[in-house]
S.K.: 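Structure below; questions to follow.
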Protein chains: 2
Amino acid sequence: MSLLKKRLPAEVDLPLHTQAYLQIRDAILAGKLPPGAPISRRSLAEQLKMSTLPVSDALLRLESEGLVESRPRAGTRVKIPTVSEINGNYVVREALETHSARLFAELASVRDRKRLLKMSRDLDRCYLLLGRTTTPDADKHSAAEKLHLEFHMLVAEATGCKELAAAIERSRVLLFNWLFMTTGDYIPLPPRWHGELAEVLVNGTPDEAAEKMRVHVRYRKDAVLAKFESLHAADQQLSKAIARGPQRARRQSALLILRRD
Amino acid sequence: MSLLKKRLPAEVDLPLHTQAYLQIRDAILAGKLPPGAPISRRSLAEQLKMSTLPVSDALLRLESEGLVESRPRAGTRVKIPTVSEINGNYVVREALETHSARLFAELASVRDRKRLLKMSRDLDRCYLLLGRTTTPDADKHSAAEKLHLEFHMLVAEATGCKELAAAIERSRVLLFNWLFMTTGDYIPLPPRWHGELAEVLVNGTPDEAAEKMRVHVRYRKDAVLAKFESLHAADQQLSKAIARGPQRARRQSALLILRRD
DNA sequence: AACCAGAAACTGATATTCCAGTTTTCAGAT
DNA sequence: ATCTGAAAACTGGAATATCAGTTTCTGGTT
């Protein structure tokens, strides 16, 4: 049984290494390949019906983007971030998103401002529902995060600067993946959390927008970091073994859900 | 005659594709492969004494970083940026560097603050000398820009966040390369330009540092953009031909200095 | 049981080879 | 001279095969 779809016909005219990149990336982001999961070029090539060469190209690219880590001649796996890397990611994100917010307040179109307000209401409603459910649902959680991503990308794209939007997306993709590691207990957000943010972005001065966004980005940072630290501590020996260790893990842990077909 | 060094012995234990990446990148940044220069995987592989495969891997990586552009089955060349891309690069850089300045003011060590002040004096002196010379010297220009890069990297590294420093370096490397396209007439800087910046970073509040850095980053932006626009306009048909056109250009222009051995 | 060495299995890296698409060249027609 | 079109040259993409390093397995020793 394969974890991946086989050759979407829609992507048929892209180079194989691009198809491989997109499909592996999607599999990781969808949680089919969770952090720590070993990746075999050969079996992946078989599943994707291509040679190992385009798969290697795709993995090289994913590695340079920080989604995957590889040790020469030993193995490749979905990257398990360190606490320091997560912290660094948040720092970069704060830089990019505060600037994005500033530019949005300065030059977003009326149409985009209205769209942002509407999306903020949807998002708040979505999180509210999520907070009420007794049993944590991974799918709903994932859907909410996807909407959250869309919200921030709307802000970035409304600035009209593609490069800024791309940089923010890169930064967010990593965090998006890592959030699945902590899925289970949900970190609650204040009510109207995004509504208030959108309000300031739409009607506030650029400085106010930037500062509001700064608070927004920082809000989850400490909670996420603390959770990662406790996970790493609880699982110290496994974590250490994995740091330089084998590719094919056979044990499960609170931190990792590893699969071996 | 080869443009590239052949296999540095110091890098001998790195994977070949990494060696290729480093050497090609250095060749581009040193101006041996100027923007627009065609890149042949086969001849490059021969020069580097390896097969085309690691060279392809290296070029794929350089492409994802924006230093090189490739059209399937047509050719690869050092990237010629558009005006919009240069503008986007400046936007991202402003976001990263203002945040870097803010963090520096907040938590840089005394040692790093002193080092920054010293370097700012050296840098100002360097630019002063550059402004006085009658004939523009590409080597001196390059040396000054290298020092300039070091200055900003010191600020970034003193924040203690590796990911932020890496993001700033990526962003700056592109501009560094593009600046060589405009070498010839020098855009003068006010005296004590970096001295004043360093002063605020070292002694000012985080907000003051961020705003000072914002002004600093924006200063050259308009001048650089204007120059690029005029170059593109003056060279419109060639520029257009190149946009989708042939790999091996045989003509020279104000914009491009293309080589064919 | 715990341990250790050697064999087997697997891994990523690389060379070689071939293929199909693009560009260039150049002879022949206008 | 200028245009045209077919062939030649070159390009990047991909498959296959092989190599050397790492990890895992296995069976014998203590």
Side-chain angles (χ1 to χ4, degrees), chain A residues 7 11-24 36-64 68-79 241-251 258 260-261, chain B residues 7 11-24 36-64 68-79 241-251 258 260-261:
Chain A
R7 284 231 200 188
E11 300 169 349
V12 85
D13 54 339
L14 282 111
L16 285 186
H17 65 84
T18 306
Q19 294 182 36
Y21 167 78
L22 291 173
Q23 297 198 35
I24 299 171
I39 296 178
S40 160
R41 283 154 156 78
R42 286 167 176 79
S43 82
L44 215 47
E46 202 179 348
Q47 290 178 36
L48 296 173
K49 303 187 174 180
M50 57 182 72
S51 84
T52 62
L53 213 122
V55 174
S56 283
D57 288 346
L59 289 178
L60 219 54
R61 187 165 160 196
L62 288 166
E63 186 175 5
S64 82
V68 137
E69 58 191 339
S70 169
R71 284 182 22 249
R73 264 126 226 234
T76 306
R77 64 176 175 216
V78 182
K79 177 149 184 171
I242 277 173
R244 306 216 134 219
Q247 295 311 310
R248 281 161 282 167
R250 283 148 303 168
R251 290 189 292 167
L258 303 176
R260 176 86 174 140
D261 55 342
Chain B
R7 284 230 200 188
E11 300 169 350
V12 84
D13 54 339
L14 281 104
L16 286 186
H17 66 82
T18 305
Q19 294 182 35
Y21 167 78
L22 291 173
Q23 298 198 35
I24 299 171
I39 296 179
S40 160
R41 282 154 155 79
R42 293 182 222 288
S43 82
L44 215 46
E46 203 179 348
Q47 289 178 35
L48 296 173
K49 304 189 174 181
M50 56 183 72
S51 85
T52 62
L53 212 130
V55 174
S56 284
D57 289 347
L59 289 178
L60 220 55
R61 188 165 159 195
L62 287 166
E63 187 175 6
S64 81
V68 137
E69 59 190 339
S70 170
R71 284 180 24 246
R73 316 221 131 114
T76 306
R77 64 175 176 217
V78 182
K79 176 149 186 171
I242 277 173
R244 305 215 137 222
Q247 294 313 310
R248 283 161 281 164
R250 285 149 302 169
R251 289 191 291 165
L258 304 176
R260 177 87 172 137
D261 55 341

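All chains are named by letter (A, B, ...) in the order of the sequence lines, taking the proteins before the strands, and each is independently numbered beginning at 1.
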S.K.: Between atom CG in B:Leu48 and atom P in C:dT14, what is the gap in whole Å?
M.R.: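 Going from CG in B:Leu48 over to P in C:dT14 covers 12 Å.
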S.K.: Is any side-chain heavy atom of A:Lys79 less than 4.5 Å from a side-chain heavy atom of A:Val68?
M.R.: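 Not touching, per the 4.5 Å side-chain cut-off.
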S.K.: To the nearest angstrom, how far is A:Leu44 atom CG from C:dT11 atom C1'?
M.R.: 14 Å
S.K.: So which pairs with a foot in residues 51-61 of chain A pass salt bridge (Lys or Arg N to Asp or Glu O under 4.0 Å), sequence neighbours left out?
M.R.: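 Sorted pair list: A:Arg61-A:Glu65.
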S.K.: Can you check the A:Leu60 CG to C:dT14 P distance for me, whole Å?
M.R.: 10 Å
S.K.: May I ask you to verify if any side-chain N or O of A:Thr76 is less than 4.0 angstrom from the OP1 or OP2 atom of C:dG12?
M.R.: yes
S.K.: Does any part of the side chain of B:Leu60, heavy atoms only, come nearer than 4.5 Å to the side chain of A:Leu60, both counted from C-beta?
M.R.: no
S.K.: I need the CG-C1' distance between B:Leu16 and C:dA13, as an integer number of Å.
M.R.: 8 Å
S.K.: What's A:Ser40 touching, base or sugar-phosphate or nothing? Going by heavy atoms closer than 4.0 Å.
M.R.: sugar-phosphate
S.K.: Rounded to the nearest 0.5 Å, what's the gap from CG on A:Leu44 to CD1 on A:Ile24? Could you check?
M.R.: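 Spacing of CG (A:Leu44) from CD1 (A:Ile24) equals 4.5 Å.
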S.K.: Could you tell me which non-hydrogen atom of B:Ala20 sits nearest to which non-hydrogen atom of B:Pro54, and how far apart they are?
M.R.: CB-O, 4.1 Å
S.K.: For B:Gln19 and C:dA13, give me the distance from atom CD to atom P, rounded to whole Å.
M.R.: 13 Å
S.K.: For the pair made of CG in A:Leu59 and P in C:dA13, what is the distance, rounded to whole Å?
M.R.: 9 Å
S.K.: Take the protein atom CD1 of A:Ile39 and the nucleotide atom C1' of C:dC10, then report the distance between them rounded to whole Å.
M.R.: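 In whole Å, C:dC10 C1' lies 16 Å from A:Ile39 CD1.
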S.K.: Kindly write out the residues that satisfy side chain to side chain contact (heavy atoms under 4.5 Å, CB included) with A:Ser56, not counting sequence neighbours, or none if the list is empty.
M.R.: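 Testing A:Ser56 for side chain to side chain contact (heavy atoms under 4.5 Å, CB included), a comparison that skips the adjacent residues, returns A:Arg41.
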S.K.: Could you go over nucleotides 20-22 of chain C and give all protein N or O partners under 3.5 Å, atom names and distances?
M.R.:
unit_1: C:dT22; atom_1: O4'; unit_2: B:Arg73; atom_2: O; d: 3.1

S.K.: In whole angstrom, what separates A:Arg41's CZ from C:dT14's P?
M.R.: 11 Å
